[in-house]
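Heavy-atom basis, side chains included; hydrogens, waters and symmetry copies ignored. Remember, it's a predicted structure, so these values are computed and weren't measured experimentally. So you know, we letter chains A, B, ... as the sequences are listed, proteins then strands, and number each from 1.
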Protein chains: 2
Amino acid sequence: MTRRIPASTIRRLSHYLRSLEDLEASGDETVSSEELALRGQTTAAQVRKDLSHFGSFGKRGLGYRIEELSARLRQILGVDRVWKVALIGAGRIGSALFEYPAFESRGYECVAIIDSDPAKIGTYWSELQIHGPDDLESLLAELGVELVILAVPARAAQEMAERSVRAGIKGILNFAPIRLKVPRHVPVEDVNLVMELEALSFAITQHGSEP
Amino acid sequence: MTRRIPASTIRRLSHYLRSLEDLEASGDETVSSEELALRGQTTAAQVRKDLSHFGSFGKRGLGYRIEELSARLRQILGVDRVWKVALIGAGRIGSALFEYPAFESRGYECVAIIDSDPAKIGTYWSELQIHGPDDLESLLAELGVELVILAVPARAAQEMAERSVRAGIKGILNFAPIRLKVPRHVPVEDVNLVMELEALSFAITQHGSEP
DNA sequence: CGCCGCTTGTGAAATCCTTCACAAGTTAGG
DNA sequence: CCTAACTTGTGAAGGATTTCACAAGCGGCG
Ligand SMILES: NC(=O)c1ccc[n+]([C@@H]2O[C@H](COP(=O)([O-])OP(=O)(O)OC[C@H]3O[C@@H](n4cnc5c(N)ncnc54)[C@H](O)[C@@H]3O)[C@@H](O)[C@H]2O)c1
Ligand SMILES: NC(=O)c1ccc[n+]([C@@H]2O[C@H](COP(=O)([O-])OP(=O)(O)OC[C@H]3O[C@@H](n4cnc5c(N)ncnc54)[C@H](O)[C@@H]3O)[C@@H](O)[C@H]2O)c1
């Protein structure tokens with residue numbers, strides 16, 4: 001039942017989970033694929049197919065038990081536990097991310113901050129002291145860091161990625177606008193603002209010329 | 001020749017454009033689909049197919065003239081001109097974005113900042129005075145704003161989106177973790193950090209259980 | 001208990017996207 | 001001018017994902 005899962009399915013699973021958390025708050029017990037589809041900008045069939053990749057969690061005639069399904073989704077997405085994260089690059093985007101509460105409330109706990117700026121090294125963000133990059137490998141390894149958020153300038157990103165991999169981390173969220181070269185077993189998610197804007201301007205331009 | 005274009009094609013086009021800009025700097029005159037594929041983490045056939053959606057820009061036996069192709073890509077992506085952008089929400093993520101230089105250097109010019117915090121209204125970021133949300137519609141319309149970057153809390157996002165649309169804007173880059181409901185002709189790109197992290201933890205979890 | 005209305009899970013069909021494979025241009029060189 | 005070496009542009013094939021459509025399970029009610 002669990003073969004190769006489309007990336008788009010995973011993104012939708014995240015959506016479903018958020019919808020379920022909203023529903024949980026509002027007291028309902030069950031939800032149908034129809035309702036979930038409505039909130040997720042997709043179709044009921046798609047919801048059922050997405051879920052069917054991982055098993056069958058619903059009851060015919062009734063729908064899905066909200067609590068049960070959200071627990072199951074958390075398990076599938078791997079967010080039924082706390083992930084230890086290191087932030088590399090304590091600049092503008094790094095500080096916005098560090099203070100973003102959704103971060104921690106979703107189970108991503110920042111346990112280390114690393115920056116190369118001598119003016120920042122040694123200072124504290126909340127309880128966390130900012131470290132220089134020299135002892136990156138041992139620091140990450142000792143703390144058991146699994147995820148790295150890379151928010152350094154593009155020219156430093158490849159090196160920091162390689163050193164993080166050497167420290168044994170398991171995945172990278174990369175904000176630098178370059179394609180990182182890392183071993184195949186280390187997943188990388190890229191966040192690229194300029195690309196998002198270009199997708200927008202394309203869509204707008206297209207729209208004007210083709211009604 | 002230009003039918004419905006896959007979203008993935010557009011993302012790759014952005015990549016090609018960045019690669020071409022690198023190549024431009026390094027003096028070469030032409031580039032092959034092979035070379036472009038190498039840099040873009042894709043295949044030569046994919047590059048040619050992507051481009052063929054929009055016409056034929058290469059010379060057989062030779063490849064693509066770098067300058068010409070990058071100009072053409074800029075045209076296709078709609079970045080051969082300056083887009084006027086408004087930033088709504090001058091908080092942590094808003095300020096990181098405002099100071100991000102890639103922004104302006106790629107033709108996205110911030111011409112207005114809007115925030116509801118009385119302590120921020122009236123203050124300046126660089127040359128730009130922060131406005132309150134009261135006169136949002138007239139402000140955006142007068143300035144001819146086409147793109148909005150929405151960086152307000154989730155609960156305020158839908159309202160700000162609707163008012164921006166009423167002001168005549170043409171697209172939204174949305175950082176709030178909700179699905180905006182806007183007219184079909186207004187494209188929205190969502191940036192959702194938590195979803196990216198969940199994709200990572202899924203990939204990692206999966207990897208462990210299925211070698 | 002049996003029927004009804006509802007909703008899931010899932011093969012099969014349809015659609016969308018990528019890869020293949022090759023005819024046809026292009027340049028260089030003899 | 002002819003051939004060799006390259007490289008594009010593109011139908012057709014192949015693969016992946018989405019949509020369709022319906023059998024089958026479930027709860028409620030008479
Ligand atoms: N600011 C944004 O809105 C934004 C948006 C999208 C992407 N990005 C990307 O995110 C990255 C960071 O952007 P920023 O705006 O926060 O830049 P920034 O200059 O504000 O911060 C970068 C930080 O990284 C530190 N640094 C530099 N080299 C380092 C190294 N080798 N090891 C550890 N730390 C190092 C610097 O000291 C600085 O504190 C860049 O790649 C940028 O392109 C930024
Ligand atoms: N901080 C991050 O790293 C991060 C990452 C991803 C997404 N986000 C999302 O981006 C949005 C902003 O996050 P943030 O961390 O910058 O929050 P923030 O609280 O630092 O900033 C939000 C700003 O919006 C202003 N605001 C509130 N209501 C407004 C309204 N109606 N009109 C105009 N301005 C209004 C506030 O005064 C504040 O300045 C949120 O939706 C958040 O979920 C943040």
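- Of the candidates D/dT8, D/dT18, C/dG9, the closest approach to any side-chain atom of B/Ser32 belongs to D/dT8.
- Listed pair A/Ser56 / C/dT8 fails the phosphate criterion, with no side-chain N or O lying under 4.0 Å from OP1 or OP2.
- If you measure from atom CG of A/Leu51 to atom P of C/dT8, you get 9 Å, rounded to the nearest angstrom.
- Salt bridge A/Arg163/A/Glu159: present, at least one basic N to carboxylate O contact under 4.0 Å.
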- Note on the structure: Expected string for nucleotides 21-30 of chain C under the B/S/- scheme (protein heavy atoms, under 4.0 Å, primed atoms plus P, OP1, OP2 as sugar-phosphate) is B-BBBB----

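- Taking atom CD of B/Glu68 as the reference point, atom P of D/dT8 lies 13 Å away to the nearest angstrom.
- In this structure, A/Ser8 reaches the sugar-phosphate backbone alone: every heavy-atom distance under 4.0 Å involves primed, P, OP1 or OP2 atoms, never a base.
- The nearest whole Å value for the distance from the CG atom in A/Leu36 to the P atom in C/dT7 is 13 Å.
- We find that CD of A/Glu34 is positioned 12 Å from C1' of C/dT8, with the value rounded to whole Å.
- Following rounding to the nearest Å, A/Arg65 (CZ) and D/dC26 (P) show an atom-to-atom distance of 15 Å.
- Look at B/Arg39 and B/Glu35 and you find a salt bridge, because one of the NZ, NE, NH1 or NH2 atoms lies within 4.0 Å of a carboxylate O, short of that distance.
- Rounded to whole angstrom, the span from the CZ atom of A/Arg4 across to the P atom of D/dT17 amounts to 7 Å.
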List the atom pairs, with distances to 0.1 Å, where a side-chain N or O of residues 190-203 of chain A and a protein N or O form a donor-acceptor pair under 3.5 Å, not counting sequence neighbours.
residue, atom, partner, partner atom, Å
A/Asp190, OD1, A/Asn174, ND2, 2.8
A/Asn192, OD1, A/Val194, N, 3.2
A/Asn192, OD1, A/Met195, N, 3.2
A/Glu198, OE1, B/Ser14, OG, 2.6
A/Glu198, OE2, B/Arg106, NH1, 2.6
A/Ser201, OG, A/Leu197, O, 3.1
A/Ser201, OG, A/Glu198, O, 3.3
A/Ser201, OG, B/Leu77, O, 3.3
A/Ser201, OG, B/Tyr108, OH, 2.8

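- Across C/dT18, D/dT8, D/dT17, the shortest atom-to-atom separation from the side chain of B/Tyr64 is found for D/dT8.
- Within the 4.0 angstrom heavy-atom criterion, only backbone atoms of the sugar-phosphate kind lie near B/Ser33; the bases stay farther away.
- Put simply, the side chain of B/Arg92 never gets that close to the backbone of A/Ser95: no donor and acceptor are under 3.5 Å apart.
- An OP1 or OP2 oxygen of D/dT17 is reached within less than 4.0 angstrom by no side-chain nitrogen or oxygen of A/Gln46.
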- So A/Ile10 and A/Leu13, side chain to side chain contact (heavy atoms under 4.5 Å, CB included) or not? Walk me through it. CA-CA 5 Å; A/Ile10 302 309; A/Leu13 255 37; 4.2 Å; yes

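- Counting to the nearest Å, the P atom of C/dT18 and the CD1 atom of B/Ile5 are 12 Å from each other.
- Contact check for B/Tyr64 versus B/Leu20: no side-chain heavy atoms found under the 4.5 Å cut-off.
- Atom-to-atom, NE2 of B/His53 to C1' of D/dT8 comes out at 16 Å; the value is rounded to the nearest Å.
- Within the 4.5 Å cutoff, side-chain heavy atoms of B/Ile76 are placed close to those of B/Phe57.
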